[in-house]
Enquirer: 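Take a look at this one; I'll ask things after.
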Amino acid sequence: MKFSIRKRIKRLPAFGSIWSRTVLPVRLRRRAHRALTLFSKAEKRPGSSSYGQKRILIACSTLGNVDISSLDICLGIRLQKQGASVAFLICEGSLTACSLCESERFLSDREFAQKGPGHTCTYCSGSFNAYIRHHFQVFTYAHVHEADKADMDGWIQGFLHGQEASFRGVPISEHVRSGLIRFYGKVVEPSQVPTSVVRRFAEAACQTVLRVESILETYTPEVIVVNHGLYVPQGVIVATAHAHGVRVVTWHKGYRRHTLLLSHGDTYHRQLIEEPNATWENHVLSAADRVWLKNYMTSRRTGTQDWVSFVHRGAESKSPVFSGDQGSPLVSVLTNVDWDAQAHFNANTYTDMQSWLRDIGRCAEKLPGTRFVVRIHPAEVTGRRIAATTSAEVLRETAHRCANLSIIEADEPISTYQLLEASDLVVVYATKTAVEAAYLGKPVLICGESCLRGKKVGRDLQRGEDLPTVVQDMLEHRTLPYQERAERYAFHLFRRRMIEWELLTASEASNGEKAILDGIAIGTPFHAAPDH
């Protein structure tokens with residue numbers, strides 16, 4: 001990949017450490033100060049007593065993630081205004097590692113191993129901490145009691161030696177691994193990184209289990225609200241709640257601006273796959289729904305209606321570089337960021353995306369008459385963190401010797417949507433662009449944990465060894481996706497599941513707050529109202 005001077009500087013080993021100690025804290029304080037206006041707006045909105053002192057724990061944990069914790073606080077304000085008893089769980093420097101810890105924020109692994117989160121803990125102090133303490137009951141991650149240290153050390157030693165045992169009945173190994181992968185910004189195994197770093201994330205996971213268990217005994221929340229539901233400590237909180245039979249709600253910012261994507265029981269990455277088709281397949285789209293969907297799906301090409309978008313600026317204005325009429329079929333292969341949101345998925349065809357990409361290379365070699373174009377996810381360079389490695393490396397050697405396999409690098413400002421339009425078949429691992437490909441009328445082969453899996457819109461790959469056969473079959477028998485079904489799911493995902501919250505908009509035209517708050521407090525489905 002080729003990088004601009006600015007991005008080259010950001011990739012220098014010392015840059016992230018210096019920036020995270022100087023510039024970032026100032027920016028976070030400014031953003032936190034601006035968010036206080038939003039809190040005031042939330043306080044002034046009318047309330048009621050409809051939730052009757054329901055005990056709700058918002059396990060915010062990392063206040064330094066300002067964009068997220070500000071919305072956690074807004075949820076707390078609005079739930080409290082509706083009569084709920086709301087408490088917060090925050091860290092205040094007790095955890096030995098957390099999701100704010102990223103390798104580029106430290107001079108070296110050694111610094112992190114010796115000092116832990118260190119300067120990143122300052123992100124969680126300040127106005128948000130003071131606001132929460134003034135308005136809500138607060139729990140913090142207490143330091144571990146001596147009596148529990150032996151249990152922790154025993155589990156950590158077992159984990160370091162490859163054991164998969166639960167800690168106090170809570171399966172936390174997955175979250176320690178995902179925390180390490182996120183820390184390094186690339187796929188790693190615990191055996192590949194310093195033991196001292198692994199130990200910090202393992203100890204933090206154990207700390208989280210112990211603290212959440214103690215809160216469940218004293219506060220007895222009826223529901224726990226957690227952002228995202230992955231990594232340490234958020235994923236561990238979800239696992240602990242499950243082990244004790246406590247209801248969980250996870251939430252994340254939706255792709256659409258001013259929206260939240262909430263899920264019952266688990267992170268949306270899994271919940272969208274496991275969601276019953278009956279929740280959307282019978283929803284008949286009105287003429288107005290179709291107009292909205294067409295406008296929004298068109299806007300996805302430039303991200304003008306989104307606050308989560310990874311498209312390259314200006315890519316759509318360039319002339320198309322692909323053509324579907326060159327005599328051989330064109331298969332577009334879309335990756336995702338391999339280190340992001342790493343979790344275990346039941347019945348997954350592949351253990352990881354690299355294994356799938358290797359099979360893509362072998363598939364291209366077996367089908368020399370078919371053009372394969374692999375689009376590396378732009379978020380490897382357009383996301384907040386520049387990927388430490390690129391997925392393109394897995395296929396580089398194969399592409400050199402295989403004339404029908406080409407790679408579009410993550411930093412190439414080429415429109416993925418123009419590639420889709422020229423394609424005869426779209427093959428994906430987990431990217432949600434699969435939904436957009438199906439909406440465009442393209443046959444889609446789902447090989448990983450895409451939310452389109454099991455929706456009977458595309459075709460799900462069951463075994464990796466069948467990939468060449470399935471690709472050839474889909475090209476020879478070009479069965480287009482059931483367009484009505486593809487449109488209904490796209491509308492369900494982008495309009496119904498991503499609920500617009502009027503608190504975040506300039507008008508009161510939407511009424512998404514009721515769906516959001518009722519879902520948290522009462523357990524109703526997280527669907528925007530039909531007239532939303």
Enquirer: State, without any angle test, whether Y184 and D109 hold a side-chain donor-acceptor pair at a distance under 3.5 Å.
Expert: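 D109 and Y184 do have a side-chain donor-acceptor pair below 3.5 Å.
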
Enquirer: Start with the C-alpha distance between S69 and D72, add both sets of side-chain angles, then the distance that settles side chain to side chain donor-acceptor pair (under 3.5 Å), and finish with yes or no.
Expert: CA-CA 5 Å; S69 53; D72 268 328; over 6 Å; no

Enquirer: Is there any salt bridge (charged side-chain N to carboxylate O under 4.0 Å, His left out) pair reaching into residues 197-220, and which pairs are they, with sequence neighbours excluded?
Expert: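 Only R168-E213 qualify under salt bridge (charged side-chain N to carboxylate O under 4.0 Å, His left out).
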
Enquirer: Looking at residues at least two apart in the chain, or sitting in another chain, which of them share a side-chain contact (heavy atoms from CB on, under 4.5 Å) with S450?
Expert: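 So S450 forms a side-chain contact (heavy atoms from CB on, under 4.5 Å) with V428, A434, I446, L452.
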
Enquirer: Taking ring pair (Phe, Tyr, Trp, His ring centres under 6.0 Å) as the definition, give me every residue that meets it alongside H242, ordered by chain and number, with sequence neighbours left out.
Expert: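 Once residues adjacent in sequence are excluded, H242 has no partner under the ring pair (Phe, Tyr, Trp, His ring centres under 6.0 Å) criterion.
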
Enquirer: Establish, yes or no, whether a centroid distance under 6.0 Å links the rings of F112 and F183.
Expert: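 Centroid separation for F112 and F183: below 6.0 Å.
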
Enquirer: Search all heavy atoms of A97 against all heavy atoms of V232 and return the closest pair with its distance.
Expert: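 Scanning both residues, the minimum pair turns out to be O-CG1, 4.2 Å.
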
Enquirer: Between I520 and W251, is any pair of side-chain heavy atoms under 4.5 Å apart?
Expert: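 No. Closest side-chain heavy atoms not under 4.5 Å.
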
Enquirer: Taking salt bridge (Lys or Arg N to Asp or Glu O under 4.0 Å) as the test, write out the residues that go with K186, two or more places apart.
Expert: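 With neighbours one apart ignored, the set is empty.
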
Enquirer: Rounded at 0.5 Å granularity, tell me how far NE2 in H492 sits from CE in M498.
Expert: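 Separation between the atoms: 10.0 Å.
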
Enquirer: According to side-chain contact (heavy atoms from CB on, under 4.5 Å), who are the partners of R257, at least two apart in sequence or on a separate chain?
Expert: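 Per chain and number, R257 pairs via side-chain contact (heavy atoms from CB on, under 4.5 Å) with W307.
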
Enquirer: Partners of Y268 by ring pair (Phe, Tyr, Trp, His ring centres under 6.0 Å), sequence neighbours excluded?
Expert: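 Checked Y268 against ring pair (Phe, Tyr, Trp, His ring centres under 6.0 Å); matches are H252.
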
Enquirer: List the steps and the verdict of side-chain contact (heavy atoms from CB on, under 4.5 Å) for C74 and L38.
Expert: CA-CA 8 Å; C74 287; L38 189 63; 3.5 Å; yes

Enquirer: How are the rings of F310 and H377 set to each other: parallel, tilted or perpendicular (split at 30° and 60°)?
Expert: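 Ring orientation of F310 relative to H377: perpendicular.
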
Enquirer: Could you pull out the closest heavy-atom pair between P117 and L95, with the gap in Å?
Expert: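 Shortest heavy-atom separation between P117 and L95 comes out as CG-O, 3.7 Å.
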
Enquirer: Listed by chain and number, what are the side-chain contact (heavy atoms from CB on, under 4.5 Å) partners of T62, not counting sequence neighbours?
Expert: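 Expected list: N65, C98, S99, L100, Q234.
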
Enquirer: Hey, are E484 and K456 close enough for a salt bridge, meaning a charged N less than 4.0 Å from a carboxylate O?
Expert: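 Not counted as a salt bridge, because no side-chain N and carboxylate O are separated by less than 4.0 Å.
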
Enquirer: Can you pull out every ring pair (Phe, Tyr, Trp, His ring centres under 6.0 Å) where at least one residue sits in residues 48-75? Sequence neighbours excluded, please.
Expert: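 Qualifying pairs, neighbours excluded: none.
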
Enquirer: Answer yes if the ring centres of F139 and F88 are under 6.0 angstrom apart, and no otherwise.
Expert: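 Not close enough - the centres of the two rings lie 6.0 Å or further apart.
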
Enquirer: Identify the heavy atoms of W356 and L334 that sit nearest to each other, and give their distance.
Expert: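 Answer, listing the atom of W356 first, then L334: CH2-O, 3.5 Å.
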
Enquirer: According to the salt bridge (charged side-chain N to carboxylate O under 4.0 Å, His left out) rule, which pairs have a member within residues 73-98, sequence neighbours left out?
Expert: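 Sorted pair list: R78-E513, E92-R133.
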
Enquirer: Which value, rounded to the nearest 0.5 Å, describes the distance between F526 atom CZ and R497 atom CZ?
Expert: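 These two atoms lie 8.5 Å from each other.
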
Enquirer: Is any NZ, NE, NH1 or NH2 atom of the basic residue among R182 and E102 found under 4.0 Å from an Asp or Glu carboxylate oxygen of the other?
Expert: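 Salt bridge flag = yes for E102 with R182.
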
Enquirer: What distance do D306 atom CG and K253 atom NZ have between them, rounded to the nearest 0.5 Å?
Expert: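 Between D306 CG and K253 NZ, I get 11.5 Å after rounding to 0.5 Å.
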
Enquirer: Do R45 and E502 sit within salt-bridge range, that is, some charged N less than 4.0 Å from a carboxylate O?
Expert: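 E502 and R45: salt-bridged.
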
Enquirer: Strictly by modelled atom types, are T120 and R105 linked by a side-chain donor-acceptor pair under 3.5 Å?
Expert: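 No donor-acceptor contact under 3.5 Å links the two side chains.
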
Enquirer: Ring centres under 6.0 Å, that's the criterion: do H175 and Y231 meet it?
Expert: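 So the answer is no for these two rings.
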
Enquirer: Excluding sequence neighbours, so at least two apart, what forms salt bridge (Lys or Arg N to Asp or Glu O under 4.0 Å) with K54?
Expert: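 With neighbours one apart ignored, the set is E222.
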
Enquirer: Hey, can you tell me if H119 and Y123 have their rings parallel, tilted or perpendicular (30° and 60° cut-offs)?
Expert: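 H119 vs Y123 ring planes: perpendicular.
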
Enquirer: Quick one: CD1 on I58 to CD1 on I90, what's the gap to the nearest 0.5 Å?
Expert: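 I58 atom CD1 to I90 atom CD1 measures 12.5 Å (nearest 0.5 Å).
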
Enquirer: Can you give each donor-acceptor pair under 3.5 Å made by side-chain atoms of residues 29-36, sequence neighbours left out, with the distance rounded to 0.1 Å?
Expert:
from	atom 1	to	atom 2	distance (Å)
R31	NH2	D67	OD1	3.4
R31	NH2	D67	OD2	3.1

Enquirer: One pair to check against salt bridge (Lys or Arg N to Asp or Glu O under 4.0 Å): R270 and E449. What are the steps and the verdict?
Expert: CA-CA 8 Å; R270 275 193 283 253; E449 58 269 16; over 6 Å; no

Enquirer: Under a plain distance cut-off of 3.5 Å, with no hydrogens placed, do R256 and S309 share a side-chain donor-acceptor pair?
Expert: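 Side chains of S309 and R256: no pair found under 3.5 Å.
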
Enquirer: Quick one: do K294 and E487 make a salt bridge, cutoff under 4.0 Å?
Expert: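 Salt bridge absent between K294 and E487.
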
Enquirer: Does the gap between the ring centers of H135 and F39 come in under 6.0 Å?
Expert: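 Centroid separation for H135 and F39: 6.0 Å or greater.
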
Enquirer: Quick one: side-chain contact (heavy atoms from CB on, under 4.5 Å) partners of E436, sequence neighbours excluded?
Expert: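 E436 satisfies side-chain contact (heavy atoms from CB on, under 4.5 Å) with M297, R300, Y417, T433 once adjacent residues are dropped.
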
